[in-house]
Amino acid sequence: MKPRALLILFLLVAGLGAFIYFVERDLPGSEERAQRGKRVLPEFERAELAALVLDGGDRRARLERRERPPSGAGDESEDATDEAEPAADWVLTEPEALTAADGTPPRVDSFAVSRFLDSLADLSWSRRLDDADRAAVGLDEPRARVTLVFEDGTRRSLEFGAEIPASTTTLASLAGSGEVLVVEGAIVADITRDPGSWRDRQLLRLARSDIDRLALRPSAGGEIVLARHDENSWRLAAPVADRADEDRVDELLADLTLLSVESFVDDGSRDAAFAAAAGDLEVDAGEDGMRLLVIGSDGVDGDAEDGGGEDGEVRHAVRFGGQTGILRSKLPAVLLRTVDAWRSPMLSRLRPHQVDRLVVTERVGAIELERDGSDWRRGDDAISYEPVSDLLAALTEARSAGFSAPDGVGGEPELTVLLAGDAGEETLSFGPPAGDAVTASVAGRDVALRLQPSVLEEVRSAIAGVRAAKPLPPASDDAGDGEPAVDP
């Protein structure tokens with residue numbers, strides 16, 4: 001065979017192989033094609049769905065799809081879940097009795113809708129009954145019906161008739177088709193379920209990073225506002241300006257993003273309980289923010305005996321988005337916290353790696369320390385990082401046991417430390433020990449911190465270690481020179 005013919009044959013084989021690899025590998029096999037051919041509803045484009053109407057006897061629910069605005073920030077890994085968030089939000093517009101007084105329809109559990117649509121798309125028939133009497137099999141007056149309403153106004157309805165005895169199947173028919181099909185009947189339970197059970201039980205569909213501001217308003221009066229300072233820190237914005245307790249705020253954010261109601265209250269029978277409200281909590285997250293009216297635990301039947309769990313949770317009511325739900329949480333206790341409970345107990349806001357310069361001032365004299373690569377300089381001397389690291393740890397890990405008036409240090413401080421770096425600087429001042437506490441102040445904070453005497457002892461011990469540190473030997477000018485000079 002000539003080389004040219006061989007080349008043409010090779011190209012044909014290669015082309016056929018490429019076609020099989022890139023095209024036919026994505027085509028369904030014969031068994032899958034047969035299964036798809038038995039689907040009751042040919043594949044529909046979910047993105048074109050505008051609403052679902054579920055009729056089940058005397059129960060009717062209309063679920064409407066609402067476009068979700070694009071998110072401006074990525075989810076934090078700690079807030080991510082294994083189940084991907086559905087691409088659309090759904091609301092319950094019927095029955096109207098569940099709509100809030102301001103006309104806001106309740107949010108629907110989008111995951112539940114997504115699972116229902118999966119079941120609907122996969123629903124297949126096992127037999128056709130060509131000569132079935134529609135009246136005899138219950139399809140003249142269907143016991144259940146699901147209608148898909150598309151954005152272009154078209155509708156497709158699937159009706160369900162009688163169950164087939166001694167089986168899990170039921171009879172169904174596409175409206176207007178005249179065909180009677182035998183299908184699995186499990187999907188009927190979703191169509192006929194209580195409309196209110198479609199509601200989303202999670203109070204907030206938010207990641208922690210979405211929340212920028214929290215306003216706590218206890219029923220006794222006053223307001224405490226917590227505002228995000230940057231990606232990793234929060235501040236008290238009212239009634240005082242101060243650093244916020246990062247651990248406590250993070251715990252509240254975690255609780256809020258996981259809160260889920262046990263049940264909904266729709267008959268108004270518990271409205272009187274809201275007279276004993278613990279207060280309300282406003283969550284600011286742009287358009288997705290929400291105001292939660294929190295009801296004290298005595299507003300829920302049986303809570304007098306509840307007493308709360310070991311983790312501080314109690315069973316109580318909450319009103320959100322026009323809905324009233326019952327759940328267990330720490331929110332009633334959270335609303336009773338004082339301003340001081342939200343203040344940061346940390347003496348320093350800086351972490352050791354953020355500090356490049358320290359100035360320690362004592363009666364015996366001052367020391368200035370400056371980072372020098374992996375070590376530090378004490379004046380003109382280079383010293384090891386170890387004693388300085390001990391001092392930084394003692395300062396940045398110190399926590400207060402309480403707060404007092406900002407002039408609590410009183411008189412001349414026993415010790416002052418300036419910490420500085422790219423993240424800013426702060427001055428820490430320590431007063432003399434008084435009884436069972438040492439009072440310290442931080443420039444810019446309107447309170448003094450009461451510390452355990454052992455904290456000051458640890459700081460002083462670390463300073464003594466820095467003073468006693470021996471200078472490191474100077475680096476040799478020819479260190480590392482292993483080759484003799486060579487004349488050109």
Side-chain angles (χ1 to χ4, degrees), residues 46-47 49-54 56 59-71 75 79-120 146 149 189-211 252-267 270 280-295 300 315-329 331:
R46 295 193 188 192
L49 269 179
L52 284 169
V53 181
L54 309 175
R59 293 176 170 177
R60 176 184 170 90
R62 181 181 176 91
L63 285 58
E64 294 189 4
R65 186 175 181 269
R66 300 287 170 88
E67 291 297 330
R68 177 181 301 148
S71 175
D75 288 338
D79 298 313
T81 60
D82 293 335
E83 191 171 8
E85 181 79 9
D89 289 321
W90 292 78
V91 294
L92 187 66
T93 56
E94 291 184 40
E96 293 184 3
L98 300 183
T99 299
D102 64 358
T104 303
R107 190 179 64 226
V108 167
D109 184 345
S110 296
F111 291 118
V113 176
S114 181
R115 290 190 291 269
F116 175 73
L117 290 176
D118 286 341
S119 299
L120 199 59
V146 55
V149 183
D190 273 336
I191 300 171
T192 58
R193 66 192 280 188
D194 177 13
S197 67
W198 285 100
R199 286 175 290 189
D200 195 351
R201 292 176 180 269
Q202 189 166 338
L203 266 64
L204 300 170
R205 284 285 179 188
L206 297 172
R208 299 183 206 182
S209 57
D210 295 329
I211 301 174
L252 176 56
L253 293 177
D255 288 345
L256 286 173
T257 54
L258 294 175
L259 285 179
S260 182
V261 302
E262 299 172 359
S263 60
F264 291 94
V265 180
D266 299 317
D267 59 7
R270 297 181 190 261
D280 69 79
L281 192 158
E282 185 175 328
V283 181
D284 188 349
E287 294 182 357
D288 294 325
M290 184 177 290
R291 179 172 175 257
L292 310 178
L293 181 60
V294 181
I295 311 308
V300 178
R315 189 167 178 264
H316 65 95
V318 63
R319 182 173 289 170
F320 64 105
Q323 305 295 302
T324 301
I326 307 298
L327 74 160
R328 292 185 63 88
S329 85
L331 292 184

Quick one: list whatever passes side-chain contact (heavy atoms from CB on, under 4.5 Å) with [X], sequence neighbours left out.
X      : value
Glu96  : none
Ala50  : Glu151
Thr93  : Arg62, Glu64, Arg66, Val91, Pro105
Ser197 : Arg193, Asp194

Distance, nearest 0.5 Å, that separates [atom1] of [X] from [atom2] of [Y]:
X      : Y      : atom1 : atom2 : result
Ile211 : Thr257 : CD1   : OG1   : 6.5 Å
Arg107 : Leu203 : CZ    : CG    : 7.5 Å
Ser329 : Leu252 : OG    : CG    : 9.5 Å
Phe116 : Trp198 : CZ    : CH2   : 5.5 Å
Arg115 : Leu120 : CZ    : CG    : 15.0 Å
Thr99  : Glu94  : OG1   : CD    : 9.0 Å

Review point. When you check the gap from the basic side-chain N to the acidic O, do Asp210 and Arg205 get nearer than 4.0 Å?
Key: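 No.
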Answer yes or no: is there a side-chain heavy-atom contact under 4.5 Å between [X] and [Y]?
X      : Y      : value
Arg315 : Ile326 : yes
Val146 : Val53  : no
Phe111 : Asp200 : no
Leu331 : Leu259 : yes
Leu54  : Asp190 : no

Point to revise | Main-chain N/O of Ser260 paired to Arg201 side chain as donor or acceptor, under 3.5 Å | key: no
Exercise for review: Please name all residues satisfying ring pair (Phe, Tyr, Trp, His ring centres under 6.0 Å) with Phe320, sequence neighbours left out, ordered by chain then number.
Suggested key: none
Check your understanding: So, for Val283 and Leu206, which heavy atoms are closest and what is the spacing to 0.1 Å?
Key -> CG1-CD1, 4.2 Å
Point to revise | Which atom of Pro195 lies closest to which atom of Ala61, heavy atoms considered | key: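 Heavy atoms of Pro195 and Ala61 come nearest at CB-CB, 3.8 Å.
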Check your understanding: Listed by chain and number, what are the side chain to side chain donor-acceptor pair (under 3.5 Å) partners of Arg199, not counting sequence neighbours?
Key -> Asp266, Gln323
Point to revise | Asp118/Arg46 under side-chain contact (heavy atoms from CB on, under 4.5 Å): CA gap, chis, key distance, verdict | key: CA-CA 10 Å; Asp118 286 341; Arg46 295 193 188 192; 2.2 Å; yes
